[in-house]
Number of protein chains: 2
Amino acid sequence: MARPVEFERDQALTQAVGLFWRQGYQAASLPDLTTGMGISRSSLYAAFGDKRALFIECLDLYARRTLGLLAAARAEHPPLEALRQFFERSFGQPGCLLVNTTLEMADVDDGLSAHAVARLAEVEAGFEACLREAGCDAVQAAELAAVLMLVNQGLRVSSRRNLSADDLKAQLDTTFRILAAAIPAPGPATPSSGMPS
Amino acid sequence: MARPVEFERDQALTQAVGLFWRQGYQAASLPDLTTGMGISRSSLYAAFGDKRALFIECLDLYARRTLGLLAAARAEHPPLEALRQFFERSFGQPGCLLVNTTLEMADVDDGLSAHAVARLAEVEAGFEACLREAGCDAVQAAELAAVLMLVNQGLRVSSRRNLSADDLKAQLDTTFRILAAAIPAPGPATPSSGMPS
DNA sequence: TGAATTCTGGACCAATCGGTCCAGAATGGC
DNA sequence: GCCATTCTGGACCGATTGGTCCAGAATTCA
């Protein structure tokens with residue numbers, strides 16, 4: 001029965017995701033967070049517990065959004081092209097929060113690293129489902145999904161090496177050209193996967 | 001003309017590399033470093049300047065050692081197998097210090113990130129030379145070297161996901177199986193430029 | 001041995017870290 | 001208007017950060 005407003009929790013969380021994404025867990029200080037999220041220290045602790053709990057919520061939100069992007073690409077394109085789009089759309093971003101966290105927190109906070117790793121596994125499962133749809137059998141889908149996760153990790157690192165957009169695009173194109181040769185034709189007919197030079 | 005000994009600088013540096021490699025730049029505190037290196041704060045600052053300068057020396061030493069490992073593999077094996085060995089031998093390690101640093105310091109200390117990126121480019125040049133030796137022309141060698149750097153980055157991330165050794169090996173095997181199809185036969189014959197399917 | 005020089009353990013420093021706390025502002029029901 | 005309740009800015013806390021400094025130990029030359 002008093003002052004019910006509590007700012008926009010989701011919006012603040014989104015801002016926090018962006019901060020952790022760019023700076024990492026350790027380098028994002030409480031002043032950075034409160035400024036970026038537009039709320040005070042007290043509100044942050046009341047709403048999210050502490051820095052670590054906030055970060056875990058950020059990991060989960062980020063993973064959900066990532067899976068959503070993959071699902072959206074799959075809804076708009078045939079499986080292989082969907083994967084391509086998924087990677088290409090990530091180019092402007094500061095890598096992948098899950099990959100960044102896996103590396104940053106390994107041997108520092110194993111709990112956080114493991115949490116990120118678990119979410120990465122979910123993304124890999126998404127790749128696998130996509131490959132099944134592309135015509136791979138179970139074994140091949142699992143195998144290639146692991147390779148795609150390798151590509152994902154590699155590209156997300158490249159995204160932080162400030163290569164030119166053209167260089168990134170070239171890496172992606174070459175990779176998919178090589179990869180396409182290892183994936184069976186999508187449909188029963190017209191095996192041209194639509195991958196011009 | 002007094003007390004010339006100055007402990008074992010190189011040995012201390014090697015210990016520092018191990019620490020930064022495992023924990024990252026930010027998480028390795030001065031107490032961690034002095035303990036791990038077996039020297040006192042004063043000696044550390046006298047010998048290396050400050051934490052950041054020490055870290056840069058570590059990056060350079062690490063890069064030199066990495067290039068040495070690649071050279072050693074090339075001396076013992078044919079080019080493609082050398083690359084394979086190079087990756088496989090990195091499995092037990094805490095990723096790659098250069099990759100870890102690129103991610104950790106991007107948007108935090110751009111100078112350090114750029115330094116790591118520059119060293120990574122040297123490694124990529126090593127890949128390229130290896131591919132030339134394997135029979136690739138200039139264009140293809142540059143293209144595939146970029147893909148190999150992608151693989152390198154991806155595998156070094158996987159190394160910190162505590163996957164089983166078998167999983168890592170499987171990722172590597174699948175990747176090289178796919179990759180080998182895109183590389184011309186080692187001999188000077190068979191000029192097929194490698195556009196299968 | 002004694003003097004000169006160099007090295008180093010550990011105290012010390014200001015700054016910053018994540019986290020707590022409370023006084024007062026803001027809001028709803030009456 | 002008033003009270004009750006909730007929210008929040010900012011002061012405050014101890015711990016830790018990277019970095020400095022000095023007294024004294026150690027070593028070489030004469």
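Source: prediction; values computed, not measured. Here is how names work: the chains are called A, B, and so on, in the same order as the sequence lines, proteins then strands, and each is numbered from 1. Hydrogens, waters and symmetry mates are skipped; everything else that's a heavy atom, side chains included, is used.
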Which letter, B, S or -, goes with each nucleotide of nucleotides 14-19 of chain D from 5' to 3', with contact meaning a protein heavy atom under 4.0 Å? ---SBB
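- Per the geometry, CG belonging to A:Leu44 stands 16 Å off P belonging to C:dC21, to the nearest Å.
- In this structure, CH2 in A:Trp21 is found 12.5 Å from CG in A:Leu59, a value given to the nearest 0.5 Å.
- Put simply, CD on A:Gln153 and CD on A:Glu124 are 8.0 Å apart, with the number rounded to the nearest 0.5 Å.
- Distance check: A:Ile39 CD1 to A:Thr35 OG1 gives 10.5 Å after rounding to the nearest 0.5 Å.
- The side chain of A:Ser40 contributes an N or O atom lying less than 4.0 Å from OP1 or OP2 of D:dG9.
- Over its length, the helix from C:dT1-D:dA30 to C:dC30-D:dG1 turns its helix axis by 10°, as judged from the five terminal pairs at each end, rounded to 10°.
- For C:dT8, neither phosphate oxygen OP1 nor OP2 lies less than 4.0 angstrom from any side-chain nitrogen or oxygen of B:Ser42.
- Proximity of the aromatic rings of A:Phe176 and A:Phe86 is defined here by a centroid distance below 6.0 angstrom, and this criterion is not met.
- By the side chain to side chain donor-acceptor pair (under 3.5 Å) test, B:Asp50 pairs with no residue at all, sequence neighbours left out.
- Of the N and O atoms on the side chains of B:Gln85 and B:Glu81, at least one donor lies less than 3.5 Å from an acceptor on the other residue.
- Geometrically, A:Lys51 engages A:Tyr25 in a cation-pi contact, judged by NZ or CZ lying under 6.0 Å from the ring centre and within 45° of the ring axis.
- Atoms CG and CD, from B:Leu97 and B:Glu104 in turn, are 9.5 Å apart once rounded to the nearest 0.5 Å.
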